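Heavy atoms only: backbone and side chains are in, while hydrogens, waters and symmetry mates are out. In this text the structure is predicted, and so the values were computed from the model without any measurement.
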Amino acid sequence: MTRASLNYKAIAKILGVIICITGVSMLIPWIYAEATGDFAAAEGFRQCAPATLLLGGVLSISIKGTRAKFRAREGYLIVALCWIIASFIGAFPYYLSGFTDNFVDAVFEATSGFTTTGCTAVSGSVLTRSLLLWKAISHWLGGMGILVFVISILPALGINGQLIARAETPGPVLEKMTVRMSDSAKILYITYFSFTLAEFILLMLSGKMPVFDAIINTMGSISTGGLLVHPTGIAYYDSVYVELVISLFCILASVNFVLYHYLATRKFSYIIKDIELRAYLVIIAGATIICTLGLILANGDTFGQALRDSFFQVVSMATTAGYTRSPYLVWPVVCQMVLLTLMFIGGCSASTSGSIKVIRILVMLKLIWRGCIKRIHPRSVVAVKLGKNAVSAPVVGGITVFILVYMGLFLLSSFILSFQGLDLETTLTATLAMMSNTGAAFGETASLGNFSLFHPLLKLYLSGLMIVGRLELFTIIILFTRNFWGKDR
């Protein structure tokens with residue numbers, strides 16, 4: 001195979017569009033920095049925003065003739081490069097403004113933003129309001145996926161968006177809502193924008209938040225990024241209403257977005273029959289009950305306080321938002337185990353949340369049950385079913401491989417982080433925080449998601465884990481295999 005077999009023009013053109021979107025997104029915090037006198041941040045945006053727009057414009061406009069054959073290989077490569085380049089370019093505002101002392105920390109900060117992990121690698125410094133706005137915007141873009149937006153314009157380039165969506169969309173099965181993938185992408189973003197607007201209005205009605213806080217919290221929760229405006233987190237507002245609104249939209253964002261298309265087209269039976277949604281809600285309810293009882297029995301909390309703390313923290317971990325309201329580090333061990341389990345499970349497929357996903361857990365449990373039945377009746381034919389529908393063997397196989405690779409990478413990454421010399425709790429949960437895109441961990445990294453104590457090389461590795469977790473492992477891992485680069489791929 002020769003390197004020339006790759007469609008470099010199509011790759012460069014799409015990456016140019018991605019870079020342009022990143023540059024345009026910088027204009028908002030740049031204008032805000034200039035208007036509010038945030039001179040350090042303004043200088044950073046002043047240097048990188050025009051250069052980003054120029055580079056993206058040159059690539060997207062000057063390159064012609066992109067209607068050549070576009071294979072799955074280009075799709076996976078574009079998705080991987082998109083997140084890497086966006087994180088690299090998005091790091092410059094943090095570095096040039098002086099918020100980070102080195103570029104590695106800036107890359108970590110930007111990667112945390114675009115992957116909606118929501119953590120930081122800077123100790124003793126607080127993001128200025130302009131940089132906080134930039135991180136919130138990167139959360140919002142990364143929540144639904146920058147490429148989901150780009151897919152809607154790909155037909156104009158003569159490129160099959162299905163190949164890119166397959167590598168970009170989280171979940172074991174990609175569902176199209178319309179015949180054309182570009183139309184599906186538009187519907188997704190219309191839904192996403194509608195939720196964003198609705199949450200902003202509801203937060204403003206609370207009377208507890210100024211406009212800026214409402215914007216940041218909206219973008220942080222609808223993307224399940226968990227971005228904090230104040231060091232004390234959501235507890236700063238001391239409002240049940242605010243917590244309920246943020247919890248509600250975290251849940252909505254972590255549900256399969258295809259269901260909202262069914263809702264809009266009045267296909268209510270599809271929603272009612274969706275076993276993943278039902279299982280997800282049962283998991284949240286069950287986890288909330290266990291944590292509530294744990295806080296009452298072990299800590300002596302009142303029922304109302306225990307329920308309030310448990311529900312918000314359970315939703316935060318289940319949706320991989322990573323918000324904190326109460327110090328869960330001092331919660332009973334049973335409650336911490338529940339939260340840790342939720343970090344592994346994550347939300348639904350085709351949502352903004354990370355981790356393994358509920359649908360995969362369900363299939364794996366069904367597969368284990370089938371194994372038990374086969375032990376009793378070796379000659380029986382038992383299908384793996386979700387509801388009344390049998391799951392095809394390729395899908396079951398793919399889910400099994402995914403979970404095995406996920407756990408293998410988790411153990412390998414924990415081993416690599418162990419060279420930092422931290423305790424086992426910190427090492428394991430820090431790895432899970434990155435891979436699940438939750439950003440909140442236990443141990444020395446604590447609940448504020450600060451990973452400044454890691455070595456710069458390990459911070460780069462953690463940044464890679466965030467991207468791998470966001471793209472569900474294989475989109476990145478596949479690039480390191482010889483077969484992927486075969487001529488006919």
Side-chain angles (χ1 to χ4, degrees), residues 8 11-33 40-63 77-122 127-128 130-150 153 164 168 219 223 225 227 437 456 459-460 462-468 470-471 475-476 479:
Y8 286 113
I11 292 173
K13 194 172 186 70
I14 294 175
L15 291 179
V17 175
I18 297 296
I19 295 171
C20 272
I21 293 174
T22 306
V24 170
S25 302
M26 289 182 184
L27 297 179
I28 299 173
W30 180 13
I31 293 172
Y32 184 83
E43 180 61 27
F45 287 114
R46 200 178 296 136
Q47 294 181 50
C48 62
T52 302
L53 285 169
L54 179 62
L55 175 61
V58 169
L59 286 175
S60 57
I61 296 175
S62 63
I63 297 177
L77 187 59
I78 284 171
V79 170
L81 289 176
C82 160
W83 289 91
I84 293 171
I85 290 174
S87 298
F88 179 79
I89 293 175
F92 282 99
Y94 301 109
Y95 180 65
L96 295 176
S97 65
F99 174 70
T100 61
D101 296 327
N102 57 76
F103 194 67
V104 170
D105 286 353
V107 169
F108 185 98
E109 204 74 29
T111 306
S112 166
F114 282 107
T115 60
T116 71
T117 308
C119 51
T120 184
V122 180
L127 284 168
T128 65
S130 304
L131 292 177
L132 189 63
L133 181 58
W134 167 233
K135 194 164 187 176
I137 291 173
S138 64
H139 271 337
W140 193 85
L141 287 173
M144 182 54 63
I146 311 172
L147 277 166
V148 173
F149 175 76
V150 174
I153 64 173
I164 295 178
E168 165 76 2
M219 289 186 172
S223 64
L227 187 60
N437 299 134
K459 288 178 184 177
L460 283 178
L462 290 173
S463 299
L465 276 185
M466 285 188 263
I467 295 177
V468 170
R470 175 60 182 81
L471 298 180
T475 302
I476 298 295
L479 301 181

Atom pair CZ (F108) and OG1 (T120), whose distance is rounded to the nearest 0.5 Å
7.0 Å
Would you say the side-chain atoms of S112 pair up with the backbone N or O of G118, donor to acceptor, closer than 3.5 Å?
yes
Is any side-chain heavy atom of V104 closer than 4.5 Å to one of Y95?
no
Side-chain heavy atoms of C48 within contact of I89, under 4.5 Å
no
Any donor-acceptor pair under 3.5 Å linking the side-chain atoms of E43 with those of S97?
no
I'd like to know if the side chain of N437 reaches the main chain of R470, judged simply by a donor and an acceptor atom lying under 3.5 Å from each other, with no hydrogens or angles considered.
yes
I'd like to know if the side chain of T117 reaches the main chain of C119, judged simply by a donor and an acceptor atom lying under 3.5 Å from each other, with no hydrogens or angles considered.
no
How far apart are the closest heavy atoms of T111 and S87, and which atoms are they?
OG1-CB, 3.3 Å
If you round to the nearest 0.5 Å, how far is CZ of F88 from CD1 of I19?
10.5 Å
For this output row, return yes or no: ring centroids of F92 and F103 closer than 6.0 angstrom.
yes
Quick one, Y94 with L127, criterion side chain to side chain contact (heavy atoms under 4.5 Å, CB included). Give me CA distance, side-chain angles, the key distance, then yes/no.
CA-CA 9 Å; Y94 301 109; L127 284 168; 3.8 Å; yes
Would you please name every residue forming a side chain to side chain donor-acceptor pair (under 3.5 Å) with T100, sequence neighbours left out?
none
Heavy-atom closest pair (H139 atom, M219 atom, distance to 0.1 Å) is CB-O, 4.1 Å
Shortest non-hydrogen pair, S60 vs C20, comes out as OG-SG, 3.9 Å
Out of curiosity, L133 CG to L227 CG, how far, rounded to the nearest 0.5 Å?
10.0 Å
Which residue is it: T116, T115, L471? I am looking for the one with a side chain to side chain contact (heavy atoms under 4.5 Å, CB included) to M466.
T115
Determine whether the side chains of S130 and T128 contain a donor N or O and an acceptor N or O closer than 3.5 Å.
no
Would you be so kind as to tabulate the donor-acceptor pairs closer than 3.5 Å made by side chains of residues 22-32, with sequence neighbours excluded?
from, atom 1, to, atom 2, distance (Å)
T22, OG1, I18, O, 3.0
S25, OG, I21, O, 2.7
W30, NE1, E34, OE2, 3.0
Y32, OH, R129, NE, 3.1

Rounded to the nearest 0.5 Å, how far does CG of L55 lie from CG of L59?
5.0 Å
D101: side chain to side chain donor-acceptor pair (under 3.5 Å) partners, not counting sequence neighbours:
none
When rounded to the nearest 0.5 Å, the distance separating OG1 of T475 from CG of L77 is 11.0 Å
For the CD1 atom of I85 and the CG atom of L15, what is their distance to the nearest 0.5 Å?
4.5 Å
